[in-house]
Every structure is written in structure tokens, then in C-alpha cells.
Amino acid sequence: MTCSAKLDNRLSIEKSDAGRRGLFCKNPLRARAKVPANLRRKAAPRLPELAEFDVVRHYTRLSRMNFSVDTHFYPLGSCTMKYNPRFNEEAAALEGFAALHPLAHDSCSQGTLELIHDLGARLTELCGLDAITLQPAAGAHSEFTGLLLAKAYFEDKGQKERTEIIVPDSAHGTNPATASMMGFNTVNIASKPDGRLDVEELKKRLGPKTAVLMLTVPNTLGIFESNIEAIAKAVHDAGALLYMDGANLNALIGMVKPGDLGVDMMHLNFHKTFSTPHGGGGPGAGAIVCRRHLAPFLPVPTVRKEGGRYVSDFGDKRTIGKVKAFFGNTGVLVKAYAYMLAHSARELGEIAECAILNANYVAAKLKDLYPSYSKEYCMHECVLTPGPDLAAKGIKTLDVAKGLLDRGFHAPTVYFPLIVHEAIMIEPTETESKETLDEFVAAMRDIHAEGSANPQALKDAPVTQPVKRLDEVQAARQPNLRW
Amino acid sequence: MYIPHTKKDKEEMLKTIGASSFQDLVKQVPSKFLNPRFALPAESLDEAQAAARLDRLAKNNCRPLSFLGAGAYERYTPAVVKAITSRTEFLTAYTPYQPEASQGTLQAIYEFQSTVCALYGMDCANASMYDGASSFAEAVRAAVRVTGRKKIVYAAGVNPQYMDTLKTYFAHSPDYAYVKVPLKDGAMDKPALPALLEGAACLAVQTPNFLGVIEDMDGVADLAKKAGALLVAAADPVSLGILAAPGEYGADFAVGEGQSLGLPLAYGGPYLGLFSCRKEHVRQMPGRICGMTKDKDGRRGFVLTLQAREQHIRRDKAASNICSNEALCALSATVYSALYGPEGLKELAEANAGAAAFAAERLSAVKGCSLKFKSPFFNEFVLAVPGSAAALREKVLAAKGIDIGLPLTPLYPELGETLLVCATETKTEADILKLEAAVKEAI
Amino acid sequence: MAKPEEVKYTKTHEYVLPGAEATVGISDHAQHEMGDVVFVELPKVGQKLEKEKPCAVVESVKSAFDIYAPVSGEVTAVNDAVTGEPALLNQSPLEKGWLFKLKPSNPGEADALMDWAAYQEFVKQAAH
């Protein structure tokens, strides 16, 4: 970050000058427009008037006021911030993929349809399940799709009374939010002290009203649900479905088939496990992978191979319909497909192995200063806390997070899962080297030293960023959301 | 494979951890589940091989001269837009939960929200939704929450995919009543509104509508207000370079498909849901919102705000479950709008209207073809054709490599054999004359 | 101004100042725990509230809290000042930061709530 980035914090509109121009549209057909005056807008939109170079410089400057995976290590738990291969981007930008209209005739879209078909087949096998939809635009959107499937499935069976979704208290916020958006009632169950689902408690809550248990595996504490067989059996004995939140699939990929665990359906996050970039918040893409009994309800269209040709299949009339216009975030799927091509079955397993190794390595190197919540080895992420020394100095998790920014690392996920007081959730991912992890560990140890010797300095962090800590109270009390 | 670990690294790390082998670390997983056989390729492709394979697939998609629109529009993507969105400081950044380290993304979102407000003439906008369809569905959900009513009145010209998505969002619940405002010459039958709007949560309209017709919104908001209903308007953002803004005709919620602002077609996504509303409904907005504030030294800065509406805090009481959005697409649209500015967007809109007007004029002169409606249209129009529209499309596509438009018969059987033909600013006079000649020959 | 001793408290930290028109708000302890309040959503005048059911929402920057009706009754007034300036809830929860008033439908209900001493004890216990 440079000085000039610090000095100039004007908005694009504040650099605007009346009459200045960037791009033009000179198509002579303009003269043939005949839109009546009464349908036209009265005032021109208040958009910036800039030269092309102004735009380039403005947004290039903004780009330099950002952390990103390419510039900084992001140990963000539950987010799987792995390297986003350049090759994926190039593949998605190929004109043949990028310029294809979503309503193109099937004869024009054979390449994309083949890609969707092959990607779907590979992912279905990877999960050990039977069918897939690639239509959801993101993880939460996949959850929504999955619960729609459950709803349609139970309605088809004449079991409309199944209106409850069971969610452990360690779950991602999207689980209960999705359940309530769909009109289900959420039943929360407390986790056991070791962070696992309480199977006895689950059995008490399961019943004729239960539709689905939503379970993150491994859970948000980075712990595998070792009782998964008993859990699946209890859920199925109650006539309910087991949904696996696949946000943490990076811990299992190529090593465990979720289908073997008794899962009826699960979602995938391409922007996590399958290396597509986060883009500052999106776009992602999602999928629901399911067992045969849920397949008839999948959104349409799906892709079917028919005599050497690929066709859009509008399928079973029991389908839940569309969850998104057109086919899905196909541009993201191309990137995920490129990623799958780059991995053999064995190499996919190595992803899980190195992800788990990295998380345990960080936990081990920090255990004297930042105790782990769990006494066991973790899977792909570890949950730490600031420890008694820092707590005694009044140092909060937030201060540790901000201290990391000053040391060139993005902060871990903090204050999540909600069941851990002052949680620091670290997911290094498999693409970070031992050297990077060592540097990160050194930064965490340095923060501990500073927090112990001079707590105020840590509370003032960050001081190396374009701005210091921001007034979020004012932002929420008097929202200023536009120019 | 993108893993840096050497064998030596792994051994050293295990030693530091104090585990004798990797198997030690995964003891919590019952062993019978570990390392099953995967029926996946035993060899991966190297980068050159993978490139060749993807190139072959991309080339298996053919690129006709296309007059398809119907909710996704062929646009030119400026070089600067590509250059900025491929800067990996934007591309590979996470959601800006650490504001001090994300001022670039946050300011870009603030500028995006401002751009959407300016185009739609609304008070506030969010940081984006998945696409136009999900924005539309969320706006109607918000109207249902605000009014406490469950009757949804919608114009017959609303994109049928938007309505499908909306019904899926309400999970086809019988609690909701959907009432259609019939078409009159391709537009909403305004005199029918007062009777239909009684007890409605909202009137949902799209303009230009799915059939390309520009709805005359004069007085519509008053009719809705009189019935206690809110007005939800969907509009193409490029059309707003010249057409009346939803804020000007009194919309409560205004949404749109941001793909129009220079995003590639990409077979349906990622696109960009635009979502805006009047000030009094700000807390009904789903998803992330960026706000301007100050840091402790009084410097201007940006943060995600009004977060308590969102799923990660309110959980089962959140306004929506949305988490990831389309931030990079939002950046793309913001840069596109800044490059063209108000004048450039006006030129783009005029070019769309002009290209479609010229295409309509030429095609309606072909023997047996005629314009289905007399109402003014923007960049697409409905053409009645002799014989099967689907067969005509396939014939011209196979013979001339021209996709003449979308057959409407499955969606609007009442219109007979018709095509929805679109021409954006990417079409020249010569393209349209080629289209005319091909259709003439095929009929 | 009501004194802390004059009002009754719930286990969910609302207070009620009993009377023909009872005043409802949140305790000083509760506002302290919430931190800076940024938004308040109140019931509507005329709305009938049921004891222990959620009837209002108070938000801080990173949290949202449901407010439960301490007693049943019909809302007779809401404090518009606090929706316009949520900081009042932090500055003066008992006076300027009250939330709404209601006409109790079952006047005896407030008797069962905690008095000041019991509430202080309750807060102390909860901290352990």
C-alpha cells in the first residue's frame, strides 16, 4: 500500500467533470430509435463523467487498498481460501463459453452441455451419491434448493406434517435462515462439550414432524462427527432426511465419500472446495448432490446424453422448478471443471491430506499461547482462543485479528462458531506452504508478545492500513449508502 | 495439482504435531470410510492437455449471428472492464468482513450501490443479488413482509422465468395468490388494475417487459397506493439510459438484471441481481449493504452495515438466507457505467432502440411476417411468422448460421406462432439486412 | 423519572413500570450488555401483546435482540424518540429510552415479576 493510496479517498463521482467522456457508442442505428417522449426519463442519471484513464487509475487505486489471496495469506476458517488457479480464469474467458447465450439452441451449446454433464458425473462420484444439479448460484442458494427437494419429497409421500429442520448450535447461520425462509421451524440442539452432535438429544428431538437434519461435516469446530453412522440411522429410522452442509468438504475430498456416511443430499461450494475465486463476495456457484430417491425433484433443466448428443432435460413433472433463471452460474462451473481436470483421484485425496496436516501444524505450533478449543487433532481447520495471558490484559479476539492485518496476514474467522467464546477459527488450506505457515505462526507469537507487553498498541491496530478502525455504530445509526 | 508440500515437509510437520503418521490425525473418522475407490481418472491432465480439452469444448459451442434476448443480452465488454475485474486484488479477495483490509472492495460496492440508485432513481440499493430473477423474487417477498398481504398481482409481461423463480421462492405454497394483469397490445391492461389490486401486497411490473414493450407507468403507482399495495418494478439498466426511471414513476422496489451492463452471456451466469428501494424500506433489503463512515482519526472509510438483518446474525429471523453475492460482477457493472457515463449510456440505449426498430421494420416487411403489437418497444419485439416459429428458427440456424430469436409459443401460446427478436447495439445495419434475407429465403 | 426500585423485571431483562398504562423498556444491565444500540423496531399502537412473546427488536452493530412483552396488553403508545435516536436506549433506558406503553389486560401479571433486589441477585447469578 502506497502513500498516494492513503491520500486520495475520493469517490468516482467526486472526480467527475461535466462533459468529460470515456467510452462512446457510435452505432449509426441510434438515429432510428423512436421512443416516445412520454416514456423517457426526465433527469439524466447522476453517474460520473470521466475519461477512460481516470476510470483505470481510480479502480486500480482501489484494488491496491485490498487484501487478496494472491497478495496475502487468508487463514479464514470455514471459507477455504485456497489458491485460485489462473488457468481456471483463462478457461472461463474462452469466447466459446463466455459468449454463449443461455437460450441458445442445443445444437449450439454442445460444448457447454458436455462440460456440465461431465462435471456433474465427476462430482457425483466424488460424493458417492447418485444425481446432481448445478443450478444454485451459491452455498446458501444450494441449501435452499436442498430443502425444497426435501419439501417436495415429503409432499410426494403425503407427509406434509414434516415441518421441522434440526440444526446444531454450531451450524452456519445460513442453515436456520434457509429453513425459516422456506417456512420450516428450526429446532436447535446444543453440541456436546467436545463439539459433536449429542446423539441422545437428537433422538429425543427426532419424530414424525422432522423433515431434515442439517449437519456440517466436519463441523464448524473442525471436528469429524464420529457418530455419523448412528446419526444417519437415527434420522432415517425417524423417516427424515440427512442433509450435509458441504462447506467443509475440503477436509474429506478424495478421502471419504459423503454418500458412504449415510447422507441423503449435500451441497458443494465451488468457491471454496473447487478453487473458484471469491471476487470480494461472489460470484460463487453451488450444487446439490443427492441420492436416487430425491432425483425426480431436482430443478430443471438437467443435461442428459442421448445418442452422442447432449440435451437439456426438462425431466420429471415432480421437479421443484427453477431456483434461478437459465442454467446456473455456468461461468463458474467452467473454472471448477478446469480444476477437476487438473486432479486425479489420488491427487484429490492429497488435497484433504495436506489441508488437515496444515491445520494441525498451526494448532501445534501455537498451542502454548493460543489453546485449541478441542483436545483432539482437528480436521481441516482449528478453533483457538486468545488464552489466559492475553485475556488478563484485556485483549480480545478482535485485537488479535487487527494485529494480524498490520503483520501482513488476513485475519482468521473470528467469533464463529458462536458456541466458542472469543473464537479464532483458522483454516490454512492445502495450498499454503510450510514456510508461509511458519511466518503466520511467528506473527501470532509476535502479537502475543505485544499484547502482553503493550496491550494498548494492539488495541490501536491496525495502523498500516489505508484506514484505522472504523466507526460501525455511526454507519448503522445514520446509514450513508450512496452518493 | 496445486500443493506445495514436499515429502520432507510432510514428515517435519507430522513430527512437530507429534503424530506418527497421517493416519493418526484422522482417527476420528471410522476407518471403514477412509480411502474408498473413486471411479475418477487415475491420471490428471497437465495444463497444456487441459487447455486443449477445454478449447475443444469451447469450440463445440457454435457462434451464430444471434438475435436472442429474452432476459440476457449480447453486449460488448470494454477492455478496461476486463482489465479491472481481472486484477487479482479484486478477483481473489474475500467478502470484506475486515474493513481496514478491504477498502477497495468496499468503496467499489458503495459506488455500485450509488450507480444502481442513480440509474433506477431510488434511495438505496444493496451490494447485489444472484440475478434479476432472484432480485425480483426477493422484492416481492419484501412487499409481502411490509404489507402483511399474500396476494401478488403481476403484469403478464413479467419474464416467465422471474415468475417461476418467485413461485419457487414461496415454495409453491397455496397461501399465496397470484393474479395476472392481462396483456393489451403487448402491454399491461391498465384499466383492469383497480379491480385486480384490491387487497394486494404489490403490483409487480417489468418494463421494458418480456415481450420488449415499454409499459406506460403513468398513474400506475397511484393506483397501487390507493389499494394499499406496493409497486415492484423490474427494468433493464441499459434501457434506463433513456427510459423513465422507476423512482420517477413511484416504484417502492426496483430491480433488474445487471448482465446488461457489459457482462458476458456465459450460458446464464454469473449474472448480477440489482436491488433498490425507497428509504423507508431500507431494512427490508436482503443481503449485504455497504455504508460510508469514519475511522478513529476522522478519515472517510467504508464498512458493511445494517448487518443485523443478515443470516450470520439473525439466523432463522433473517430477511433472507443470502450470503455470497455477485460482488465481482457488481464491480464490472460499476466500471462499465463509469466508462460510458450518462451520455454513453444514453447512446447505448438509443442504439438498442434504433437497432430493434430497424430490424422490426425490415422483418415486418417480409411476406407473411408482421409485428404482433403496435405498442412502443425497446430492444426486442414480437414477430408473427407463417408456420411453425420453432421450425423456422431451426431452418435458418442450420442454413445460414443465424439465430433469428426465441419461439414464444411454449411460453405464450395465446400469441400464436411468434418469435421474440432482439437487436442490441452489437448489431449493424448489415447484420439486420442479413437476417431479413435469411428469413425471406426460409419462408 | 422512574427509579430502578419502582419497576419490575423479567428474566429476559425487560422492565415494566406497572400502572393503568404500564411503561416497558429494557434494563440498564441489558443495554450495557448489548453495547451501542443502532436500531429499534417497536410494536404498533393498538397491537395486542401476549406475555413472554417477542414484540420488538433492538439491534446493536453485530447483534439483534428480541424484546419479549413482560405482561399482556394492548399497546397505547410507542416511543418515537427512541426509533429516531437509538442512543437514548443506552443513555437513559428508564427515562428517555422507554420503548412502549400498554394497557395491561391482566393487571396482576406484573406482581409475579422480579423486584429490584431479586433482579440484581438474578444478574449476579447469571454472571457465574
Contacts of residues 25-40 of chain C with chain A (heavy atom under 4.5 Å): C:Asp36, C:Val37, C:Val38

Whether A:Tyr243 and A:His267 hold their rings parallel, tilted or perpendicular, with breakpoints at 30° and 60°: tilted

With sequence neighbours excluded, residues passing side chain to side chain donor-acceptor pair (under 3.5 Å) with C:Glu74: none

Sub-6.0 Å ring centroid separation between C:Phe65 and C:His13: no

Neighbours of chain C found in residues 475-483 of chain A - heavy atoms under 4.5 Å: A:Ala476, A:Arg477

Pair A:His271 + A:His278: ring centers closer than 6.0 Å: yes

Student check: side-chain heavy atoms of A:Glu143 and A:Met214 closer than 4.5 Å: yes

Side-chain heavy-atom pair A:Gln465, A:Phe67 within 4.5 angstrom cut-off: yes

Those residues that, when tested against C:Glu121, pass salt bridge (Lys or Arg N to Asp or Glu O under 4.0 Å) (two or more places apart): C:Lys124

A:Phe440 vs A:Pro75 side-chain heavy atoms within contact, under 4.5 Å: yes

Parallel, tilted or perpendicular: rings of C:Tyr9 and C:Tyr15 (30°, 60°): perpendicular

